[in-house]
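Here's the structure, in structure tokens; my notes come after.
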Amino acid sequence: MTLEMSYDINGGDFAAAGEAATKIKRALKQIGVDTQTTRRAAIIAYEAEMNIIIHAYRGTLQARVSPEGIEILAEDEGPGIPDIELAMQEGYSTAPERIREMGFGAGMGLPNMKRFSDEFHITSEVGRGTKVRAVVSSPSAIPPTIPPAGWSVD
Amino acid sequence: MAPERFHSVSLLEDKCRGCTNCIKRCPTEAIRVREGKARINAERCIDCGECIRTCDNHAKVAVTDSIERLRDFRATIALPAPSLYGQFDQRVAGDVRRIYRDVMGALLALGFDAVYDVAYAADIASFITRTHIESGATEKPCISSACPAVVRLVQVRFPSLISHLLPVDPPIQIAGKLAKRIYASRSGIDTRDIGAFFITPCAAKMRWVREHINPGGETYVDGAISVAGIYGDLLKNMGAGESGPSSLSDTASGLGVGWGASGGENRAVGLENYLVVDGIHNVIAVFEEIEMGRLASVNFIEAQACTGGCVGGPLMVKNPFVGRVNIRRLAVGMREASPFNEQEESHIMGLYRAGFFETREDLQPVAAFKLDEDMSKAIAKMGQLEKVLEDLPGLDCGSCGSPHCRALAEDIVQGLAVETDCVFKLREQVKKLAEELFYLAQKDPSAMSKPDKTGQGQ
Ligand code: SF4
Ligand code: SF4
């Protein structure tokens, strides 16, 4: 059983920043993925979404959810990353000054994504774009704490 | 509904006209209009009071304790919320403190034997909060546990933030704990025969009180009485008596009183790098940010469900902004500095280290949004939900009785609603049906139809 979600992201669209990640997060909660796994996946999705908004022209953010794990795929059309190793260092950022002034692009994106994932792959082609795949594995369901919801009159 | 799960906000069935106004404002999507009545899901409701504020028919109310309950105890103590002071305008210029004294006196005139000022307990809570945050024991940003609607919001919608909630007792609990002890030792009356009543600005605190009644052990606060419910009597008795000997607490500082309005908690805790957010929908926006890993550099988040803080509580009388100004004035007039000397601080620290001020409550997530206990089934339902949603008009009009199309899709998948609850879907169905009827009406019954030329009649 796998659930797939896919969202189109536009470069520079700060007004919609975080919307796709929020939707993914909401779905994970409804599915009953445990809180820590949800949080990790949400952070990865958010960073991926922000990377597209800050650096690329356009892209897609996808999430595949199964009882075995959550896979997050981000693909963009953009300038690409010339030196991935450098980009993976904390604090390294190519975000323009005006974007950093808005509080984005402090250079935590990629390292953060890697830190929170169990598997992490990134490929990039200068002048074409970047692909990221991150996996957070084996979410466990929240143990049942409540009787099933019902609508009561009171 | 689980019988032990009390919530204060309730529906007055006969006043509810099923207008669907309240369902959209509810931060946890806890309300559905079914059979013309706005029903509340007890699991999801966090008692924030948004629906009380929204309902023009006054069909949503907060259930609180009546003043009659004072008779159930040999002795009673009033625990006034700091925000209560904001309900009275300054009458005599230059003497703001008088309101403070008058309120205390008016509470005694209502029949209480003593008063313990929750604002003084807030002074204690401020000191402990600062110490606790500085110790680094709780994940940053630390979130205040003082507003029970916010705590419940975390449990229901942001369970991953439970570890950010400060395990420090809220002022109401500190007040209850200390008040009963002090009164018992002064009067010789057993703590079980002493009733402590919080004078509450909100439904959330009422629920908190009910949930913390401990039949097997010590109960710190026995009931909650709504500010609006006794406001008239308080006004009548303002200046009726002096609180002096019946006050169990010392005089609070302006900082403690400041807890009654948003921003006051932070001013009292006095740490750098803090954030103040009030209004439940704003709180949600900030919590979404924390969940995305942002705001990690913030030390302390003061979050209150009500706009303006507790002065904006649904059981308050004054406009929240007027209430806030009143609180500020009183706070400034009462010296905004910690009321404790070094010796008192070390005494508080001793009690804190002994665990006296630290809630040992084990807060659990409330999985009220989970589609199914079985994850594979939940994933399947999620897929179904998306499909159903695609078919709905996406107008989020609320006419179906669910807050938006997505919520209706969820209800359909859970078997709690059907597609034709959507008026547009219903119209489509009616149209289809009408077309079928029209088609059928045009057809002649076979006994009457003429044979066609090939002789193969129907
Ligand atoms: S009190 Fe708040 S959470 Fe409860 S039903 Fe009303 S709006 Fe929803
Ligand atoms: S902000 Fe204050 S008044 Fe409002 S729900 Fe929270 S505790 Fe109650």
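Each chain gets a letter, A, B and so on, in the order the sequences are listed, and its residues count up from 1. The shown structure was predicted, so the numbers you read here are calculated from the model rather than taken from an experiment.
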Verify the neighbour count for atom NZ of Lys140(B): are there more than 12 heavy atoms of other residues, nucleotides or ligands below 6.0 Å?
yes

Min side-chain heavy-atom separation Lys370(B)-Gln30(A) under 4.5 Å
no

Who among Lys381(B), Lys37(B), Arg406(B) has the most heavy-atom pairs with chain A under 4.5 Å?
Arg406(B)

Pairing residues for Arg157(B) by the salt bridge (charged side-chain N to carboxylate O under 4.0 Å, His left out) criterion, not counting sequence neighbours:
Glu288(B)

Taking ring-ring contact (aromatic ring centres under 6.0 Å, His included) as the test, write out the residues that go with Phe300(B), two or more places apart.
none

Indicate yes or no: at least one non-hydrogen side-chain atom of Met1(A) is less than 4.5 angstrom from one of Met375(B).
no

With salt bridge (charged side-chain N to carboxylate O under 4.0 Å, His left out) as the test, pick out the partner of Glu291(B) among Arg39(A), Arg26(A), Lys29(A).
Lys29(A)

Looking only at heavy atoms, what is the nearest atom pair of Ala42(A) and Met292(B), with distance?
O-SD, 3.7 Å

Under 4.5 Å to a heavy atom of chain B? For Thr22(A) that would be both

If you define the side chain from C-beta out and look only at heavy atoms, does anything of Thr38(A) sit under 4.5 Å from Ser160(B)?
no

Enclosure of Phe369(B) CZ (heavy-atom neighbours >12, cutoff 6.0 Å):
yes

Would the number of heavy atoms belonging to other residues, nucleotides or ligands and lying under 6.0 Å from NZ of Lys24(B) be above 12?
yes

Tell me whether the count of non-hydrogen atoms from other residues, nucleotides or ligands lying under 6.0 Å of CZ in Arg17(B) goes above 12.
no

Measure distances from Gln414(B) to the heavy atoms of chain A and classify the residue's part below 4.5 Å as side chain, backbone, both or neither.
neither

If you round to the nearest 0.5 Å, how far is CD1 of Ile31(A) from CG of Asp374(B)?
12.0 Å

Of all of Ile379(B), Asp372(B), Leu371(B), which one pairs up most often with chain A through heavy atoms under 4.5 Å apart?
Ile379(B)

Can you tell which of Glu386(B), Glu289(B), Lys377(B), Glu410(B) has the highest number of heavy-atom pairs within less than 4.5 Å of chain A?
Glu410(B)

